[in-house]
Visitor: 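To start, I am sharing the structure in question, which I have written as structure tokens.
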Amino acid sequence: MSKVQVFDHPLVQHKLSIIRDENTGSKTFRELVEEVAMLMSYEVTRDFPTEEVEVKTPVGPAVTRIVSGKKVAIIPILRAGLGMVNGMLRIIPNAKVGHIGLYRDPETLMPVEYYCKLPGDMGERDAIIVDPMLATGGSATAAIGFLKDRGIRNIKLMCIIAAPEGIKAVQEAYDDVDIFAAAVDSHLNDHGYIVPGLGDAGDRLFGTK
Ligand code: PRP
Ligand code: URA
């Protein structure tokens, strides 16, 4: 069974409370989603391999460590995943970014693909799929499936709020994909929205409602 890591860090929880608040406007919402993604990246990259190097400080030689040639791709699920990318790039500046466009059909809640553009050397990269919301898990499992079909083996999923239903769906479909979330909420409502969640992440990020 894959691992689910929930972030109980005070700064993440504080920022998430403001993100959830219906009175928070798009500008603040965007800034905080970016900041939470940046803070979460710190933990998501914890297993990156390092190697020893020697550098010369103004005082003398130092044997120290650097990340050893890890190739990473950040894969936002459009649209809402875009809100997490810049925060992650501040921590992993050399990552490439691939995009998978999916929207949920409002009737069936099934994901519909409308765009996919991945780095040319994707086969050599580890993938971190990002999307603020893991609700039914349909979008995330579809995105993981696209990457698996292209031979990518090492995949992580990072979201801001997850529903138990979505976690279960991903774990049942792919038991090797670890899930990172700032919070796991109670359940989904009849429209497939996370309760209490934060509403429609894409609309709140981009001010489209
Ligand atoms: C939202 C969200 C996820 C998806 C989660 O996107 O950003 O991609 O729903 O739901 P699921 O787990 O049930 O698939 P939406 O379809 O609203 O598209 P948008 O990002 O373009 O607003
Ligand atoms: N997509 C969202 O944007 N919010 C939810 O609560 C569920 C799916």
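Heavy atoms only: backbone and side chains are in, while hydrogens, waters and symmetry mates are out. Numbering of ligands and ligand atoms starts at 1, following listing order.
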Visitor: With a 4.0 Å cut-off, would you call K209 and D200 a salt bridge?
Guide: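 D200 and K209: not salt-bridged.
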Visitor: What residues come within 4.0 Å of ligand 2, counting heavy atoms only?
Guide: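 Correct list: R104, M133, A135, G192, Y193, I194, G199, D200, A201.
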Visitor: Does R65 make a cation-pi contact with F48, if we ask for NZ or CZ under 6.0 Å from the ring centre and within 45° of the axis?
Guide: no
Visitor: So do L39 and K15 actually touch side chain to side chain, heavy atoms under 4.5 Å?
Guide: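 Answer yes - side chains close enough.
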Visitor: Checking side-chain polar atoms at under 3.5 Å, does D203 have a donor or acceptor matched by the opposite partner on T208?
Guide: yes
Visitor: Does any non-hydrogen side-chain atom of M133 lie less than 4.5 Å from one of L198?
Guide: yes
Visitor: If you count every heavy atom of other residues, nucleotides or ligands that lies below 6.0 Å from E54 atom CD, does the total exceed 12?
Guide: yes
Visitor: Picking from D126, D178, D47, what satisfies salt bridge (Lys or Arg N to Asp or Glu O under 4.0 Å) with K156?
Guide: D47
Visitor: Distance check, rounded to the nearest 0.5 Å: M84 atom CE versus I77 atom CD1?
Guide: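 M84 atom CE to I77 atom CD1 measures 10.0 Å (nearest 0.5 Å).
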Visitor: Can you list every protein residue that has a heavy atom under 4.0 Å from any atom of ligand 1, sorted by chain and residue number?
Guide: L78, R79, A80, Y103, R104, D131, M133, L134, A135, T136, G137, G138, S139, D200, G202
Visitor: Do I129 and F146 make a side-chain contact, defined as non-hydrogen atoms from C-beta onward lying under 4.5 Å apart?
Guide: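 I129 vs F146: side chains apart.
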